[in-house]
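Whatever order the structure lists ligands and atoms in, that order sets their numbers, starting from 1.
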Amino acid sequence: MVGKRVLIPICTFVLTILSVLSAAQDSASGKESINAGDLECHVSFLASPLMNGRANGAPELDIALNYLVSQAGLNGLKPAGDSGYFQNYSVVRSKNALRWPYYTLKSTGNNSRENVGEEIALRNVIAWIEGCDPVLKSEYVVFSCHADHIGRINGEIHPGADDNASGCAALLEIAQAFQTSPEKPLRSVVFLWLTGEEIGLLGSQAYVKNPPFPLDRTVADLNIDMIGRVKGIADTTLDTPVTGPYGVFVISDDQSRELMQIAENADEGSIIDFDYSLSGRTHHLNLFARSDQYNFVMNDIPSLFFTTGLHSDYHTSNDVTEKIDFKKMEQITKCIFDIGLEIANKKQELQVDNPYSKR
Ligand SMILES: [Zn+2]
């Protein structure tokens, strides 16, 4: 047993170290403020059993969204919804509700025949940081992710730690990095925590239908959906590819050569390796059209989709916080920040040389 007189100095020493560490963490600014510990805190909350799997229409999704709003507020982000940070929209159950998408956006016209199914009121969270250039600040770089998941199925909570508490946490950290950088970006940056993704990419559809920032001034979308896994934690097959300890899939359809070049620069400057092998509409998994970036792509906004891949825990009760590799997530999140920062600070707008709508 350690004597009392020894114990007190040891305690004082430990407390001093802890306070120095936490002060160091608090004072980190810009990209260095992105860290594994913060990411783990956010994911632990959003994927806790108390969130009940964050299903669309469930009160727990609203609690998760309120958490994101409070974090956005603490970081000093500006709100851009129709009600503070919230953008309200409604969805109705599809006529053929056995096939995905199970819901469609509620039509705002008087065409009530389209709106016959069960209705759910949903909301996205939208926050932004104004750019510092008097002209370029009216152009926007979007970071997107979805906050909803699939709730409880057959009595089992599906926590959705990777899908997509990981993306929500990354967006919070990227926003904090921009906000604490000594210099603000030239263009404005927008952060979207979307809902309705799991039932038909509906939050992003609602956003592009009613955008608070003009789409023709939106220069890129960087979408994050499931960036927390490393190969070997769950089974991996051809249909569930997962990247290794330093890998991330970057999924695109070559809308802009310039954007691909910016991604390659970030890849070269980082320990993380980008794997483009799941790109394009012809890939058999079709991941390119399976997350929110697709609604931006359809509007000719150059997009990149970041994911560590589909594992055998995907959409099961085993998608839990304990299986996330937060050190890897930190490195991936820093890469995505770098890409967004380079786009936000480009003198010229990103060239779109292969628009999706013209194919
Ligand atoms: Zn997802």
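Under the 4.5 Å side-chain heavy-atom criterion for grouping Ile, Leu, Val, Met, Phe, Trp and Tyr, Y246 is not connected to V242 through any hydrophobic cluster.
Checking each of R187, K184, K137 against E130 for a salt bridge (charged side-chain N to carboxylate O under 4.0 Å, His left out) leaves exactly one that passes, namely K137.
Taking the Zn ion (ligand 1) as reference, the nearest N/O/S atom within H146 carries the name NE2. Restricting D225 to its N/O/S atoms, the shortest distance to the Zn ion (ligand 1) is reached by OD1.
Proximity of R123 to T195: side-chain heavy atoms (C-beta onward) are nowhere separated by under 4.5 Å.
Look at H149 and the Zn ion (ligand 1): no N/O/S atom of the residue is under 2.8 Å from the metal. Among the atoms of D163, an N, O or S atom is found under 2.8 Å from the Zn ion (ligand 1).
Atom-to-atom distance recorded for M298:CE and Q293:CD is 11.5 Å, nearest 0.5 angstrom.
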